[in-house]
Amino acid sequence: MERLYDNSLYELLSEISSSRRRGSSHPRDDDREGADLTGGMKAQPQLATHQGLTTEKAVVNVDAETWAEQHAWSTMVPQSSTPPAGYGDDLAGKLGSLLGGSRGALERLSALPLTRKPLEARDGVEGFLLQTMYDGERGVAAAKIYDDRNGIVYVYFDRTGYMPYFLTDIPPDKLQELHEVVRHKGFDHVEVVEKFDLLRWQRRKVTKIVVKTPDVVRVLRDKVPRAWEANIKFHHNYIYDYGLVPGMKYRVGKGRLILLGGEASGDDERHIREIFSGEDESTIEMAVKWLSLFEQPPPKPRRLAVDIEVFTPFKGRIPDPSTASYPVISVAMSSDEGWRAVYVLARPGVPMNPPRGPLPENLHVEIFDDERALILEAFRLISNYPVLLTFNGDNFDLPYLYNRAVKLGIPREYIPFRARSDYVTLEYGFHIDLYKFFSTKAVQAYAFGNAYQEFTLDAIASALLGEHKVEVESTVSDLPFFELVRYNVRDADLTLRLTTFNNDLVWSLIILLMRISKLPLEDVTRSQVSAWVKSLFYWEHRRRGYLIPSREEIIRLKGTTRSEALIKGKKYQGALVLDPPSGIYFNIVVLDFASLYPSIIKRWNLSYETVNPVYCPESKLVEVPDVGHKVCMSIPGLTSQIVGLLRDYRVKIYKKKAKDKSLPDDVRAWYNTVQAAMKVYINASYGVFGAESFPFYAPPVAESVTAIGRYTIKQTLQKAGELGLRVLYGDTDSLFIWNPDEDKLRELQEYVEKNFGLDLEVDKVYKFVTFSGLKKNYIGAYEDGSIDVKGMVAKKRNTPEFLKKEFSEMLAVIGSVKSPEDFIKVRRVIRERLRKVYHGLRDLEFNLDELAIRMALNKPVEAYTKNTPQHVKAARQLIRAGVQVLPGDVISFVKVKGKEGVKPVQLARLPEVDVEKYVESMRNVFEQLLLAISMSWDEIIGSSRLEAFFSRRG
DNA sequence: AACTGTGGCTTACACT
DNA sequence: AGTGTAAGCCACAGTT
């Protein structure tokens, strides 16, 4: 084993690659050769500090065979390892001769063990419950617990004898006749249990079929005529049946998990009882119980973000993780402790030029001439961290590393993760794939206000962190050494920072979502909002002894929709959108019903069991306007209760705490996250009832919500008319009022409060609004010059960049308007700008990227059978050129002359561009804007064309 | 037979 | 989740 330590990796390697270092960078004297760096290196992955290039300490691992020899698995490594084709040049030899064959002692990056398993949690262990699972080896339920005092992950194996089961209505004696069931080798025994049937509002006895292993449930549930609760995962059942709250602190005592800090103090309880005083006792009880979920500080485990780069000989083709045919050329890791490391595979011939941009602080670079050693050292770190963060690690980085490791002969027991059916989990800690988490629609919309539109690391990081990936011109495989390092480490850094920014906002959000939904860490970060709501509902049903109804039952007893959707193919009618005028209107006040749909659910007691009930005590029923569904008001609806509770918690407590300046910053940040988590949940509560995938799918509930919404806004509209308020526009829950009288506004708000129990808030005040005359399409300008653009074509992703840029510049001009008179000047400026762009386009002054139209493939290319949209045409051309194209990919294409009409940017040349088509899109983009400010395209460009015609002739 | 206009339909994207 | 806009494909009818 030879290991080199040098003060300047760049200096050393640039000599090897015979490209002389330029500039004046020199190693610091005290760090010159001979200085003992090894001491610090042995113990910790806290590697050498680095300031620019000159003092960078690098580790060059030149002989992995010797290294491997000293490890238990040396037999797995051939004596003379054959590097992958194309990587055969012997860097070790070159380094060796350069250094006169000096041999150093074996050094490892860190003293951490190569593999690690969680310790078994004995009585007395305390920590945060982060994951439950089924342990196949022992055949028991298990829970992973993170002890934040010493940073260790424990595993608790169930000692209560908990077993998998499902329910049926066949009495036990009848069940004995079903031989397929009772003689199945996985069958264990039956019990009779009593449950409350919420749908029919009565107690009933059901038969519990207990089986030996979770997979048997899937077999036997089809052998009985009716089965209940047979689709719930075993490791979720464990949580629901014991009332566990993932994300909260527990102690193992007497072989059981005991919640810590779950009790509210006397003062807190009084406070909560006061705030929820108008509610029924079961709601208040829930409110008291929930307090600790939002108050207990979250655990802060160490986190490691990992990103890999793989060699590929084909430009633009993503290497296939299932075959893992090409070498892993670089692995970057970034930890929340502040250090970063990049392990790079030696590839002679790769240029060693200085990097084109700065490298981050605390960066350690290590070069390996053996891919196996590289991967193993990466595994060593992954094995030892409680939390691993990746961006698309479920589908790329981890499967690739796994398959590559197997291919290279690394024994499976050295691989620190295991593939589950659709994700990858860690042997020791927990794996979070941030791509999956940020792709969750509810997270995108409600937690981050649609700040990012695409689910790429670059798009999300630039929206949330204001930082981009390193831009590269060629493929990763062709990058010079330091560019690869810079690129790779940036990706790992961004991935890490997506969870650490704003006082660990995302990490805290995940913990809170776990506590509300009752889903384990690796589940909550990978599922959609309907699964979160589903889980909370299941948990709550179990807590109260309710039978969880089957999907078919709900549909059968509740009926279907009574309204026709306006749009073909939709199931029921939705929101009301008023017809807007066109033109400019000064002084517009926008009123907004505060969380309209959740408030309706709460106020109208909507839930799957209260709408069209089988039985309603005292027949206290109300009718939903328009659709005629009946709602039972004498029993508290479960959905209404939960949604109302979260809404009140958010509005009455946590929105206030989040703004309370007397609290320290980090506490305030936590409370802000609490209210954001609640917002995600509250806003999702309506939509799930209209989603067929939701197990409590109940179209009459969803339809009632929208019908009451339409009714409310119509009534308010009428009242506004009576008060002499001029309503110009409204969409779902908003009203745009022109130049209102303040007293009348207040009167309208009082009317809404009194008649509907809803808050009608002043959402925003616009200095002026320009309406195009189309629905969901306007520009609103605030007093300070800032601007809201809604629905305009120019805002859409599939509008070419040059048009977006021009549009936003014109918006700035419009934002500067102070009075109606200013519009005369604005019109002149806009006329001139438009003409300039028009002529620029005619003369092809734009490049292909500016002209590109970007459109997403929503399904595989083969699935477009009805017709062939333009982006699919372009995608097919890419496939013919050997580029892999997958669903979700955004295709960039330009419109060109010729039969096909389009070409992907990668294959197109500027002269081919069809200018007429672009003039047409330019017209479409700006006409909406021009319409709003009483101008027309023809007036501007028509005369411009004449001028041009004459000037060319002249 | 080739072209043009129309309208239904598919698709993507944004708004609430 | 439904509602709304826009663009483009494609079959069809009618015209040249």
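Letters go in sequence order (proteins before strands), and every chain restarts at 1. The analysis underlying the following values was restricted to heavy atoms, covering all of them including side chains, and did not include hydrogens, waters or symmetry mates.
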Enumerate donor-acceptor pairs with a distance under 3.5 Å from any side-chain N or O in residues 548-557 of chain A to protein atoms, sequence neighbours excluded.
residue  : atom : partner  : partner atom : Å
A:Ser550 : OG   : A:Glu553 : N            : 3.3
A:Ser550 : OG   : A:Glu553 : OE1          : 3.4
A:Arg551 : NH1  : A:Glu692 : O            : 2.5
A:Arg551 : NH1  : A:Phe694 : O            : 3.2
A:Glu553 : OE1  : A:Trp228 : NE1          : 2.9
A:Glu553 : OE1  : A:Ser550 : N            : 2.8
A:Glu553 : OE2  : A:Arg200 : NH1          : 2.9
A:Glu553 : OE2  : A:Arg200 : NH2          : 3.0

Expressed in angstrom and rounded to an integer, what is the separation of [X] atom [atom1] from [N] atom [atom2]?
{"X": "A:Leu596", "N": "B:dC15", "atom1": "CG", "atom2": "C1'", "answer": "15 Å"}
{"X": "A:Lys441", "N": "B:dT16", "atom1": "NZ", "atom2": "C1'", "answer": "16 Å"}
{"X": "A:Ile713", "N": "B:dC15", "atom1": "CD1", "atom2": "C1'", "answer": "13 Å"}
{"X": "A:Leu578", "N": "B:dC15", "atom1": "CG", "atom2": "P", "answer": "18 Å"}
{"X": "A:Ile779", "N": "B:dA14", "atom1": "CD1", "atom2": "C1'", "answer": "15 Å"}
{"X": "A:Leu606", "N": "C:dA1", "atom1": "CG", "atom2": "C1'", "answer": "15 Å"}
{"X": "A:Lys790", "N": "B:dT16", "atom1": "NZ", "atom2": "C1'", "answer": "9 Å"}

Tell me which pairs pass side chain to side chain donor-acceptor pair (under 3.5 Å) where either residue lies in residues 799-808 of chain A, with sequence neighbours left out. A:Glu806-A:Arg833
Taking atom types as modelled, find out whether A:Trp604 and A:Ser704 have a side-chain donor-acceptor pair closer than 3.5 angstrom.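 The answer is no; no qualifying pair exists.
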Examine the side chains of A:Asp788 and A:Tyr782 and answer whether a donor and an acceptor come within less than 3.5 Å of each other. yes
Only counting residues at least two apart or in another chain, list the ones meeting salt bridge (charged side-chain N to carboxylate O under 4.0 Å, His left out) with A:Lys776. A:Asp731
Which part of the nucleic acid, if any, lies within reach of A:Tyr778 when heavy atoms closer than 4.0 Å are counted: base, sugar-phosphate only, or nothing? sugar-phosphate
So A:Val529, base contact, sugar-phosphate only, or nothing? Heavy-atom distance under 4.0 Å. nothing
Could you note down all residue pairs passing salt bridge (Lys or Arg N to Asp or Glu O under 4.0 Å) where residues 707-720 of chain A supplies at least one of them, sequence neighbours left out?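 Non-adjacent pairs meeting salt bridge (Lys or Arg N to Asp or Glu O under 4.0 Å): A:Asp626-A:Arg710.
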Set out, line by line, the N/O atom pairs under 3.5 Å between protein and nucleotides 7-11 of chain B.
residue : atom : partner  : partner atom : Å
B:dT11  : OP1  : A:Lys859 : NZ           : 2.8

Run the ring-ring contact (aromatic ring centres under 6.0 Å, His included) test against A:Phe391 and tell me which residues pass, sequence neighbours left out. A:Tyr435
List in chain and number order the residues that pass ring-ring contact (aromatic ring centres under 6.0 Å, His included) with A:Phe756, two or more places apart in sequence or in another chain; answer none if no residue qualifies.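 ring-ring contact (aromatic ring centres under 6.0 Å, His included) check on A:Phe756 returns A:Tyr751.
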Tell me which donor-acceptor pairs under 3.5 Å the side chains of residues 859-870 of chain A have, and how far apart each pair is, sequence neighbours excluded?
residue  : atom : partner  : partner atom : Å
A:Tyr864 : OH   : A:Asn858 : N            : 3.1

Show me the protein contacts with nucleotides 2-7 of chain C, counting only N or O atoms at under 3.5 Å.
residue : atom : partner  : partner atom : Å
C:dG2   : OP1  : A:Lys571 : N            : 3.1
C:dG2   : O3'  : A:Tyr572 : O            : 3.2
C:dG2   : O3'  : A:Gly574 : N            : 2.6
C:dT3   : OP1  : A:Gly574 : N            : 2.6
C:dT3   : OP2  : A:Leu566 : N            : 3.3
C:dT3   : OP2  : A:Ile567 : N            : 3.4
C:dG4   : OP1  : A:Lys775 : NZ           : 3.0
C:dT5   : OP1  : A:Lys775 : N            : 3.3
C:dT5   : O2   : A:Lys796 : NZ           : 3.4
C:dA6   : OP1  : A:Gln928 : NE2          : 3.0
C:dA7   : OP1  : A:Asn924 : ND2          : 2.8

Could you give the angle between the helix axes at the two ends of the helix from B:dA1-C:dT16 to B:dT16-C:dA1, with five pairs per end, rounded to 10 degrees?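 Terminal axis comparison yields 0°.
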Identify, with sequence neighbours excluded, every residue that meets side chain to side chain donor-acceptor pair (under 3.5 Å) alongside A:Asn777. A:Ser772, A:Gln928
With sequence neighbours excluded, what pairs up with A:Glu703 under the side chain to side chain donor-acceptor pair (under 3.5 Å) test?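 Result, side chain to side chain donor-acceptor pair (under 3.5 Å) vs A:Glu703: A:Ser563, A:His629.
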